[in-house]
Amino acid sequence: TAEDNAYGPLCLELRRIRNANRRADVEIRFVYSMRPRGDGTWEFVGDAEEDASEKSLPGDLVEFEGGGAPLALGEAYAENSFSKDEYGVWLSANAPIKTHAGKIVAMLGVDIAASEILAKMNALLGVGVLAIVVATLCAILLGVLLAGRATRPLTTIRQAIRKISEGDWEARANVTAKDEFGEVAGAVNQMAVSLREREMLKGALARYVSYEIAEQVLAQNGTAQLRGKRSEISVCIVDIRNFTALSSKLPPEDIVEFLNRFFERMIDVVFSHRGTLDKFLGDGFIAIFGAPLEDPNHRDMAVRAALSMLEAKEALREELLQKHGIELRIGIAVNTGPAVVGNVGSEQRMEFTAIGDAVNVASRIEALNKEYQTECLVSGSTADGVSPEISLRSIGEVQLRGVSDPVRLFTV
């Protein structure tokens, strides 16, 4: 009871605890002790409050928010949310009370008024909002200043990239700043130079090979592929028969037109069979197979190209015969052997060509078409490697000038 000799000292001790922990910035409102009953409820034991209207007496039932009892005897904890009772809104904490022997007999409760906490939270919020406003204004001002500085070089770089994407390899990003924008502009300019060099190399390659082969050469380090190297290749030489007589019967303009159409169709055949144009010979040309990209089927490709050129010749022959009454005949030779293949010439003038006995032998074999009354001769070195699908007929051996061993000859 209130008159119990132990009650007064308990309340005084609770009051001492409360007063000792009060601070100017946080006021502890209530300090009290409570213990569980046998029926699961809790009752007040002591209260540090002096005001009788707010003081809890021994035996008063503790009312928890929600009607439950959200604490266990002996477990200290602090709430992370507000609780409400008939006296107001609070933030509470609890800790166990032990005897000298260490037995837990009750819990100490402490309540801080929510108004104190909310006032401090509102103050912090006000400071935070003010800081955000100031920071936002500073960021906007800084953004405006930086935007003006960044927009100009970015616009210049963007315009240069657009022109380069449209094929203008001379476009440059003229940014002189020594910062990240300058580094990006330098990279864009270097890219333009590399693309220009690549397109120039691709354009030069397109004079000799198809665009597909040119792309493959560039993808495999085109510069290295075009350096001189020794390779086994198949050489195809094409010549127009009796071109001198033909040119004497036609005006120069018709001769040029005819040659252009002839070469266009024949070179298309070469490219479609993965061949490379070596050079024009006035009324003929040399093509090679197996370079600059290695091709294990270069023999087949060369012979098949020769067959396709004979077919293409027939269409031109009909046109020439009907238009001018002139018979068109050609001679083709295919020979396989080692040769040095690569760029030959000077810095001002350079050609991709093949040099070696394989070319010389092919040239001498082509001249034999007149003697054998054929349009296509194939050497034994080529015939030995073609697929069985290609039908070749042997016409014997021949001793060529400058060649020690006899050369076997076949016709298609």
Side-chain angles (χ1 to χ4, degrees), residues 208-210 213 229-241 265-279 281 283-314 317 328-341 353-412:
Y208 311 110
V209 298
S210 65
I213 297 295
K229 65 175 183 179
R230 189 173 182 83
S231 303
E232 182 187 69
I233 61 172
S234 291
V235 181
C236 179
I237 296 183
V238 181
D239 180 64
I240 299 176
R241 290 279 173 256
R265 295 195 181 186
M266 297 303 167
I267 299 307
D268 283 345
V269 170
V270 172
F271 286 173
S272 66
H273 288 79
R274 304 200 295 268
T276 299
L277 175 64
D278 185 315
K279 62 173 67 69
L281 302 172
D283 57 348
F285 64 88
I286 300 176
I288 60 177
F289 298 79
L293 294 181
E294 294 183 2
D295 187 346
N297 297 319
H298 57 83
R299 291 178 173 84
D300 265 21
M301 290 295 102
V303 176
R304 292 181 188 278
L307 290 170
S308 297
M309 282 188 276
L310 290 176
E311 294 177 2
K313 182 268 301 183
E314 286 301 314
R317 187 185 71 83
L328 172 65
R329 297 192 63 200
I330 64 174
I332 302 175
V334 180
N335 179 53
T336 300
V340 176
V341 182
T353 188
I355 302 173
D357 288 341
V359 182
N360 299 330
V361 171
S363 177
R364 293 189 176 98
I365 291 176
E366 191 283 318
L368 293 176
N369 277 298
K370 293 180 180 179
E371 179 179 337
Y372 288 101
Q373 296 298 306
T374 56
E375 286 193 306
C376 182
L377 290 175
V378 177
S379 71
S381 60
T382 301
D384 290 342
V386 299
S387 65
E389 299 174 1
I390 300 176
S391 179
L392 298 177
R393 176 173 57 87
S394 174
I395 59 175
E397 294 183 347
V398 63
Q399 187 68 50
L400 298 177
R401 179 173 53 86
V403 180
S404 58
D405 298 325
V407 176
R408 293 175 294 131
L409 293 181
F410 297 80
T411 187
V412 293

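Scope of the values below: all heavy atoms of this structure, side chains included, with no hydrogens, waters or symmetry mates.
The heavy-atom pair separating Leu377 from Ile365 by the smallest distance is CD1-O, 3.5 Å. In this structure, Ala312 and Arg265 approach most closely via the heavy-atom pair O-NH1, 4.5 Å. In terms of heavy atoms, Arg329 sits closest to Thr374 at NH2-O, 4.3 Å. Taking every heavy atom of both residues into account, Val269 and Ser308 meet most closely at CG1-CB, 3.5 Å. Closest of all the heavy-atom pairs between Lys229 and Pro292 is NZ-O, 4.1 Å. The two residues Thr411 and Cys376 make their nearest non-hydrogen contact at OG1-O, 2.9 Å.
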Given Glu232 and His298, is the side chain to side chain contact (heavy atoms under 4.5 Å, CB included) satisfied, shown in steps? CA-CA 9 Å; Glu232 182 187 69; His298 57 83; 3.3 Å; yes

Verify salt bridge (charged side-chain N to carboxylate O under 4.0 Å, His left out) between Glu294 and Arg274, making sure each step is shown before the conclusion. CA-CA 10 Å; Glu294 294 183 2; Arg274 304 200 295 268; over 6 Å; no

Ile330 and Leu310: side chain to side chain contact (heavy atoms under 4.5 Å, CB included), yes or no, with the steps? CA-CA 8 Å; Ile330 64 174; Leu310 290 176; 4.0 Å; yes

Are Leu277 and Phe285 close enough, and set up right, to give a side chain to side chain contact (heavy atoms under 4.5 Å, CB included), and what steps lead you there? CA-CA 8 Å; Leu277 175 64; Phe285 64 88; 4.1 Å; yes

Stepwise side chain to side chain contact (heavy atoms under 4.5 Å, CB included) test for Arg364 and Asn360: CA-CA 6 Å; Arg364 293 189 176 98; Asn360 299 330; 3.7 Å; yes

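Looking at Ile288 and Val359, their side chains never come closer than 4.5 Å, going by heavy atoms from C-beta outward. For the pair Val412 and Val303, the minimum side-chain heavy-atom distance is below 4.5 Å.
Rounded to the nearest 0.5 angstrom, Ile332 CD1 and Lys313 NZ are separated by 8.5 Å. To the nearest 0.5 angstrom, Asp239 atom CG is 4.5 Å from Glu366 atom CD. Of the inter-residue distances, the one linking Leu368 atom CG with Ile395 atom CD1 reads 8.0 Å to the nearest 0.5 angstrom. Going from atom CG of Asn297 over to atom OG of Ser234 covers 10.5 Å, rounded to the nearest 0.5 Å. Rounded to the nearest 0.5 Å, atoms CG (Leu307) and NE2 (His273) are 8.0 Å apart. Within the model, atoms SG of Cys236 and CE of Met301 stand 13.0 Å from one another, a figure rounded to the nearest 0.5 Å.
Ser363 pairs by the side chain to side chain donor-acceptor pair (under 3.5 Å) definition with nothing, not counting sequence neighbours.
Here side chain to side chain donor-acceptor pair (under 3.5 Å) pairs that include residues 383-396, with residues two or more places apart or in two chains, are Asp300-Ser387, Arg304-Ser387, Arg304-Glu389, Asp384-Arg408.
The residues Arg317 and Glu311 are annotated as not salt-bridged, no charged nitrogen and carboxylate oxygen being separated by less than 4.0 angstrom.
A donor-acceptor contact shorter than 3.5 Å links the side chain of Asn335 to the backbone of Ala358. Panel note: side chain Ser381, backbone Gly337; no donor-acceptor pair is recorded below 3.5 Å. Not one N or O on the side chain of Asn369 forms a donor-acceptor pair closer than 3.5 Å with the backbone of Ala333.
Within 6.0 Å of NZ in Lys370 there are 12 or fewer heavy atoms belonging to other residues, nucleotides or ligands. Heavy atoms of other residues, nucleotides or ligands lying less than 6.0 angstrom from CG of Asp357 number 12 at most.
With no hydrogens or angles considered, a side-chain donor-acceptor pair links Thr382 and Thr336 at under 3.5 Å.
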